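Let me begin by presenting the structure, written as structure tokens, before commenting on it.
One-based numbering, in listed order, for ligands and for the atoms of each. Keep in mind it's a predicted model, so treat the numbers as computed, not measured.
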Amino acid sequence: MALTLEENKSLVPYHTFGVQAQAAYFVEVSSEQDLPAILGLPHSPKLILGGGSNLFFTKDFPGLVIKNSIGGIRVKEEGSDWVIVEAGGGIVWHDLVMWTINKNYGGLENLSLIPGTVGAAPIQNIGAYGVEFDTVFEELTAFHMLTGEKVKFDRADCRFGYRDSVFKGAYKGKYIVTSVRIRLKKKNHVLALEYGDIRKILQERNIPEPTIKDVSDAVVMIRTSKLPDPAVIGNAGSFFKNPVMQEEFYEGLLSQYPDIPSYPVGKGQRKIPAAWLIEQAGWKGFRQGDAGVYDKHALVLVNHGSATGVEMHQLATAIKTSIEDIFGITLESEVNMI
Ligand code: EPU
């Protein structure tokens, strides 16, 4: 297929934060076969873009942006109660979730409505409502950005952690994920209902024996009630990771802030919601110009219209500094800054 290389392309339609930025060069790839030619182009640096829902631009991008639009969803293997589904890296994540729910395959229902693409899911090990992506992950195919070599990664290769993988560490920016295989349940699927308000919503809806679709519907309802729709207000979901700390440090905080929420995460460690810290520090609903903190969820930074990437970055830095000053905790960004 003939490839269209565009110049000075606005990136506004290709990321969810709504900040102005341009790519010096831009190309969309919709088939794995076209990749070697694109990766062989001399323009550099190269940046892979999925749904653009977990990054923001503080300046124009001087090299080649490659928009991953590789599609296709198919069953690769199945047994009596399990199935392995392969999806193209450019598929919209929620479209894959809906495809599996229509087939009544269990595993992705708690991950409904997470913005972004299939190819980005393993990179940041997306997670929500008690389920992390790596629990369903089987294998992925990726191409090395410099050599064009096609490589398969299994679970161990990916080194998954909380919102983390080898693709955010040692292999950052080094691979483009072209397809992902996940293992789902056709029968005997165990639903995860304990996190957040899922059970409460099912009770309110009078559903004592929920289906996979009921759980997905509940998650969609929770997310739409407290997280802003990027089509309406620019944002990239949670801006910071929830910090993990030693139990002793947490005990010290608890004596000062008896209401502090937390979750034990093993190895004598605790995770604290960054949203709580940010709200306590008074930032929830804050707005300066068009850069702000969402009024219904303090972990989401929003662009009310024409905030620049630099302004969003300044706000994030001010929040980070204040959390350090008040609580002695260093927040780590979850969103990639370009
Ligand atoms: N909270 C506040 N103020 C707020 C919002 C929340 O104090 O404005 C406190 C409450 O105590 C609440 C707790 O924070 O119980 C946790 O809030 P929530 O359940 O909304 O989850 P989160 O920890 O803020 C994480 C993920 C989300 C995911 C939700 C649900 C991270 C960085 N974020 O958020 O993922 O949807 O759990 O599972 O782990 C994303 O990564 O972009 C994302 C949206």
Lys271 to Tyr162, cation-pi by 6.0 Å centre distance and 45° axis angle: yes
Regarding Arg270 and Glu247, does a basic nitrogen lie under 4.0 Å from an acidic carboxylate oxygen? yes
Side-chain donor or acceptor of Arg155 paired with backbone N/O of Phe160 under 3.5 Å: no
Location of contacts on Pro261 toward ligand 1, heavy atoms closer than 4.0 Å: side chain
Candidates Ala274, Pro273, Pro243, Ala236; heavy atom nearest atom 9 (C) of ligand 1 found on Pro273
Run the contact test for Gln124 against ligand 1 with a 4.0 Å cut-off on heavy atoms, strictly below, and give the result. no
protein heavy-atom neighbour closest to atom 43 (C) of ligand 1 works out as Ser238 OG, 3.0 Å
Number the atoms of ligand 1 from 1 as they appear, then name those within less than 4.0 Å of a heavy atom of Ala128, with their elements. 36 (O), 38 (O)
Atom 29 (C) of ligand 1 within contact range, any protein heavy atom under 4.0 Å: no
Have Ser322 and Asp325 got a donor and an acceptor in their side chains that come within less than 3.5 Å? no
Please state which protein non-hydrogen atom is closest to atom 26 (C) of ligand 1 and give its distance, to 0.1 Å? Arg163 NH2, 3.3 Å
Going by the ring pair (Phe, Tyr, Trp, His ring centres under 6.0 Å) test, which pairs reach into residues 51-92, not counting sequence neighbours? His15-Phe57, Phe17-Phe56, Phe56-Phe239
Below 3.5 Å, N or O to N or O, backbone or side chain included: is there any such pair between Lys241 and ligand 1? no
For Glu279, take its heavy atoms, then give the atoms of ligand 1 lying under 4.0 Å from any of them. 2 (C), 3 (N), 4 (C), 7 (O), 8 (O)
Heavy-atom check, side chain of Val118 versus side chain of Trp93, under 4.5 Å: yes
In terms of relative ring orientation, are His43 and Tyr25 parallel, tilted or perpendicular, with 30° and 60° separating the classes? tilted
What about Leu3 and Leu35, same hydrophobic cluster or not, with Ile/Leu/Val/Met/Phe/Trp/Tyr joined at side-chain heavy-atom distances under 4.5 Å? yes
side-chain contact (heavy atoms from CB on, under 4.5 Å) partners of Leu254, counting only residues at least two apart: Tyr250, Glu251, Ile260
Interfacing atoms of ligand 1 (cut-off 4.0 Å, heavy-atom, Gly237): 42 (O)
Quick one: nearest non-hydrogen protein atom to atom 37 (O) of ligand 1, plus distance? Tyr195 OH, 3.8 Å
Top protein contact for atom 41 (O) of ligand 1, by heavy-atom distance: Glu334 OE1, 2.9 Å
May I ask you to say whether Glu132 pairs ionically with Arg163, meaning some side-chain N is under 4.0 Å from a carboxylate O? yes
Of the listed options (Val293, Asn242, Asn235), which comes nearest to atom 25 (C) of ligand 1 when hydrogens are ignored and any heavy atom counts? Asn242
Under 4.0 Å to a heavy atom of Ala298 - the qualifying atoms of ligand 1, by number: 4 (C), 8 (O)
Using a strict cut-off of 4.0 Å, indicate which atoms of ligand 1 neighbour a heavy atom of Lys226. 19 (O), 20 (O)
Regarding atom 31 (C) of ligand 1: of the candidates Tyr162, Trp283, Trp276, Tyr294, which has the closest heavy atom? Tyr162
I'd like to check atom 6 (C) of ligand 1 in this structure: does the protein have a heavy atom lying under 4.0 Å from it? yes
Charged N to carboxylate O below 4.0 Å: is that the case for Glu109 and Lys213? no
4.0 Å heavy-atom contact, Phe240 with ligand 1: yes
Anything under 30° is parallel, anything over 60° is perpendicular, the rest tilted; go ahead and classify Trp283 against Phe286. perpendicular
For atom 1 (N) of ligand 1, find the nearest protein heavy atom and state the residue, atom name and distance (0.1 Å precision). Ala275 CB, 3.6 Å
With nothing but distance in play, are any N or O atoms of Tyr263 less than 3.5 Å from an N or O of ligand 1? no
Tell me if a side-chain donor or acceptor on Asn102 pairs with a main-chain N or O of Trp99 at a distance below 3.5 Å. no
Does at least one non-hydrogen atom of Phe239 fall below 4.0 angstrom from an atom of ligand 1? no
Could you identify the single nearest non-hydrogen protein atom to atom 24 (O) of ligand 1 and state the distance to 0.1 Å? His297 CE1, 3.1 Å
Atom 36 (O) of ligand 1: closest protein heavy atom, distance to 0.1 Å, is Arg223 NH1, 3.2 Å
What protein heavy atom sits nearest atom 38 (O) of ligand 1, and how far away is it? Tyr129 N, 2.6 Å
Compute the minimum heavy-atom distance from Gln280 to ligand 1 and say whether it is under 4.0 Å. no
Is it true that Lys76 and Glu138 have a side-chain N and a carboxylate O under 4.0 angstrom from each other? no
Numbered atoms and elements of ligand 1 in range of Leu299, under 4.0 angstrom, heavy atoms: 24 (O)
So does Lys284 pair up with Glu279, basic N to acidic O under 4.0 Å? yes
